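All residue numbers in this chain count up from 1 along the given sequence. None of these values were measured; they are calculated from a predicted model.
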Amino acid sequence: MELPQADLELVHALQIFPRVSWAQLAPILGQHPTTLAARWERLHAEGKVWVTGHLGAISTSGTATFISIQCYPEMRDEVIARMCAIPEIGNVEESARSWDARLTVLTDDWSQLTHEILPVVRADPGITRVHVSAMTGLYATGGHWRLDVLSPQQQERLREMNPTNATYGAELGPTHPQLRRLLSIDGRISAAAIAAELGIHPTTAARHLRQLLDSRTILLRCELAQDYSGYPVFCHWYARIPPSQLETAVRHLRSLRTLRLCATITGDANLTFALWLRNPADIAEVERQLQQAAPGLQIIESDVGVRTHKRMGWMLRADSTATGEVITHPADHPSNH
């Protein structure tokens with residue numbers, strides 16, 4: 001089910017520069033801008049690709065937490081549906097091992113997790129067991145993964161077009177919360193569309209958008225339905241590593257193009273990472289290379305995913321394509337979504 005080469009090239013380009021214009025991209029890919037726009041619209045309408053914005057890092061107050069749940073077998077589907085409906089639960093991944101599902105929870109602070117989200121999860125009538133691990137450091141997200149179809153020269157041209165002008169701690173405009181919501185739904189939304197949505201001047205919208213992106217408060221990523229990526233196997237690892245070898249292990253993991261997550265966590269395992277792979281046999285090779293790089297690392301658990309029901313707020317079909325529904329707070333939805 002892997003996409004044709006021309007489609008993969010388009011996706012790879014947007015992985016590097018999610019907001020590249022079709023006019024900018026045309027000479028790099030050797031295609032007319034209208035051809036690229038039409039191809040993107042087709043893929044997006046089919047739910048195979050989308051650009052979304054997500055929180056850039058763990059802030060001084062915000063928290064990211066992994067929750068594993070076990071369910072009564074006859075109630076698993078109901079439980080997963082209820083977990084997907086909770087806005088703070090960004091990812092819902094059905095598991096193939098002892099846990100029925102793994103949840104990624106993003107909250108404004110620790111209090112919101114412990115007083116609002118965790119009690120709802122624990123009180124669910126279909127859940128029999130809950131395990132919580134708090135994220136203590138984030139080294140890679142799904143936005144780091146890359147296809148390998150563009151030439152080094154094409155990739156470099158795109159990187160040059162998309163310089164990182166990080167201004168951490170910069171003062172954000174008053175439209176910051178609304179912009180976050182709009183970018184989660186459409187990471188390529190234009191300044192004119194933002195202005196129309198929020199009732200502000202296009203120049204003001206463009207300035208606030210630039211402030212938000214340059215502050216790295218929001219990171220953009222081009223997502224691709226996994227079944228069409230050429231990497232249909234999702235594996236999530238939990239490992240224990242001596243602190244002295246953490247930097248080496250992270251450096252090795254970040255060298256892997258299809259890395260989707262790398263983070264330190266609390267609990268028996270202090271490191272978790274996830275990759276998309278071409279086949280299950282690649283799992284053993286990943287572990288061999290990692291333990292060669294960091295001999296003190298101990299794999300505690302490797303878990304092959306069965307299905308991702310929700311990814312960074314986006315609801316997915318069984319074939320991994322996006323439904324177009326993005327779960328946010330009811331008040332967060334723009335008027336025309």
How close do Ala225 and Trp50 get, counting heavy atoms only, and between which atoms? N-CZ3, 4.1 Å
Under 4.5 Å between side-chain heavy atoms, counting indirect links through other Ile/Leu/Val/Met/Phe/Trp/Tyr residues: same cluster for Val306 and Leu103 or not? no
Taking all atoms of both residues into account, what is the closest heavy-atom pair of Leu224 and Arg311, and its distance? O-NH1, 3.6 Å
State the CG-CG distance between Leu261 and Leu138, to the nearest 0.5 angstrom. 7.0 Å
Donor-acceptor pair, Gln112 side chain versus Asp108 backbone, under 3.5 Å? yes
Strictly distance-based, threshold 3.5 Å: is any side-chain N or O of Gln245 a donor or acceptor partner for the main-chain N or O of Gly296? yes
From Arg129 CZ over to Ser98 OG, what is the distance, rounded to the nearest 0.5 angstrom? 6.5 Å
Are any non-hydrogen side-chain atoms of Leu183 and Arg19 less than 4.5 angstrom apart? yes
Under the salt bridge (charged side-chain N to carboxylate O under 4.0 Å, His left out) test, which residues partner Glu9, sequence neighbours left out? none
List the atom of Ala64, the atom of Leu106, and the distance in Å for their closest heavy-atom pair. CB-CD2, 3.7 Å
Between Thr65, Asn91, Val92, which is the residue that forms a side-chain contact (heavy atoms from CB on, under 4.5 Å) with Thr104? Asn91
Calculate, to the nearest 0.5 Å, the distance between atoms CD1 and CE belonging to Ile69 and Met83 respectively. 6.0 Å
Any side-chain heavy-atom pair of Trp99 and Ile67 under 4.5 Å: no
Donor-acceptor contact below 3.5 Å, side chain Gln70 vs main chain Thr128: no
Answer yes or no: is there a donor N or O on one side and an acceptor on the other, between the side chain of Thr264 and the main chain of Leu271, under 3.5 Å? no
Is Gln226 close to Leu316 at the side-chain level, that is, under 4.5 Å between some pair of heavy atoms? no
Applying salt bridge (charged side-chain N to carboxylate O under 4.0 Å, His left out) to Glu287 and not counting sequence neighbours gives none
Flag yes if Leu253 and Trp276 sit in one hydrophobic cluster, no otherwise; membership is Ile, Leu, Val, Met, Phe, Trp, Tyr, and two members link when side-chain heavy atoms are under 4.5 Å apart. no
For the residue pair Tyr231 and Trp145, categorise the inter-ring angle as parallel (less than 30°), tilted (30 to 60°) or perpendicular (more than 60°). perpendicular
Mark yes or no for whether His12, through its side chain, and Leu147, through its backbone, hold a donor-acceptor pair below 3.5 Å. yes
Measure from the side-chain N and O atoms of Asp227 to the backbone N and O of Thr321, and report whether any donor-acceptor pair falls under 3.5 Å. no
Working to the nearest 0.5 angstrom, can you tell me the gap between Asp7 CG and Leu43 CG? 4.5 Å
Using every non-hydrogen atom in the two residues, find where Thr52 and Ser184 come nearest and quote the distance to one decimal. OG1-O, 2.7 Å
Say whether, by atom type as modelled, one donor and one acceptor occur between the side chain of Arg122 and the main chain of Ile127 under 3.5 angstrom. no
Out of curiosity, Asp148 CG to Arg257 CZ, how far, rounded to the nearest 0.5 Å? 4.0 Å
Transitively linked via ILVMFWY side-chain contacts under 4.5 Å: Leu3 with Phe234? yes
On a heavy-atom basis, the closest approach of Pro242 and Leu297 is CD-N, 4.3 Å
Is it true that Ile241 and Ile283 fall in one hydrophobic cluster, defined by side-chain heavy atoms closer than 4.5 Å? yes
With sequence neighbours left out, write down each residue that passes salt bridge (charged side-chain N to carboxylate O under 4.0 Å, His left out) with Arg76, or none if nothing qualifies. Glu94, Asp100
Donor-acceptor contact below 3.5 Å, side chain Gln291 vs main chain Gln298: no
If the plane angle is over 60° it's perpendicular, under 30° parallel, otherwise tilted; pick one for His44 and Trp314. perpendicular
Heavy-atom distance under 4.5 Å between the side chains of His252 and Thr248, does that happen here? no
Side chains of Glu78 and Asp124 in contact at under 4.5 Å (non-hydrogen atoms): no
Test log, rule side-chain contact (heavy atoms from CB on, under 4.5 Å), inputs Leu219 and His54: CA-CA 5 Å; Leu219 297 179; His54 62 91; 3.9 Å; yes
Please assess Ser320 against Thr308 for the test side-chain contact (heavy atoms from CB on, under 4.5 Å), listing each intermediate value before the final yes or no. CA-CA 7 Å; Ser320 77; Thr308 299; over 6 Å; no
Side chains of Leu14 and Arg188, heavy atoms from C-beta outward: is any pair under 4.5 Å? yes
Rounded distance (nearest 0.5 Å) linking atom CZ of Arg39 with atom NE2 of His32: 13.0 Å
Test Glu2 against Arg278 for side-chain contact (heavy atoms from CB on, under 4.5 Å), laying out the working first. CA-CA 11 Å; Glu2 188 172 357; Arg278 289 202 178 274; 4.1 Å; yes
With sequence neighbours left out, write down each residue that passes ring-ring contact (aromatic ring centres under 6.0 Å, His included) with Phe66, or none if nothing qualifies. none
In terms of hydrophobic clustering (I, L, V, M, F, W, Y; side-chain heavy atoms under 4.5 Å; direct or indirect links), are Leu182 and Ile218 co-clustered? yes
Heavy-atom donor-acceptor pair, Arg82 side chain to Val121 backbone, under 3.5 Å: no
Can you check whether Trp237's main-chain N or O pairs, donor with acceptor, with Thr272's side chain at less than 3.5 Å? yes
Please list all pairs passing the salt bridge (charged side-chain N to carboxylate O under 4.0 Å, His left out) test where one or both residues lie in residues 317-326, with sequence neighbours left out. none
Measure the shortest side-chain to side-chain distance between Leu158 and Leu25 over non-hydrogen atoms and say whether it is less than 4.5 angstrom. yes
Gln178 vs Ile194, test: side-chain contact (heavy atoms from CB on, under 4.5 Å). Steps then yes/no. CA-CA 9 Å; Gln178 299 97 314; Ile194 292 171; over 6 Å; no
With salt bridge (Lys or Arg N to Asp or Glu O under 4.0 Å) as the test, would you mind laying out the steps for Arg240 and Asp268 before giving the verdict? CA-CA 7 Å; Arg240 189 80 194 170; Asp268 295 335; over 6 Å; no
Taking CD in Glu247 as the centre, count heavy atoms belonging to other residues, nucleotides or ligands within less than 6.0 Å. Is the count above 12? no
Minimal heavy-atom distance between Ala134 and Trp110, with the atoms involved, is CB-CZ3, 3.9 Å
What I'd like to find out is whether the side chain of Asn162 reaches to under 4.5 Å of the side chain of Val20, using heavy atoms alone. no
Please list all pairs meeting salt bridge (charged side-chain N to carboxylate O under 4.0 Å, His left out) that have one or both residues in residues 295-305, counting only residues at least two apart or in different chains. Arg97-Glu301, Arg102-Glu301, Arg102-Asp303
Could you check Val233, Asp282, Leu259 and say which one makes a side-chain contact (heavy atoms from CB on, under 4.5 Å) with Leu275? Leu259
What orientation do Tyr238 and His236 show, parallel under 30°, tilted 30 to 60°, or perpendicular over 60°? parallel
Salt bridge (Lys or Arg N to Asp or Glu O under 4.0 Å) between Glu160 and Arg157: does it pass, once the steps are laid out? CA-CA 5 Å; Glu160 289 173 353; Arg157 289 175 67 184; over 6 Å; no
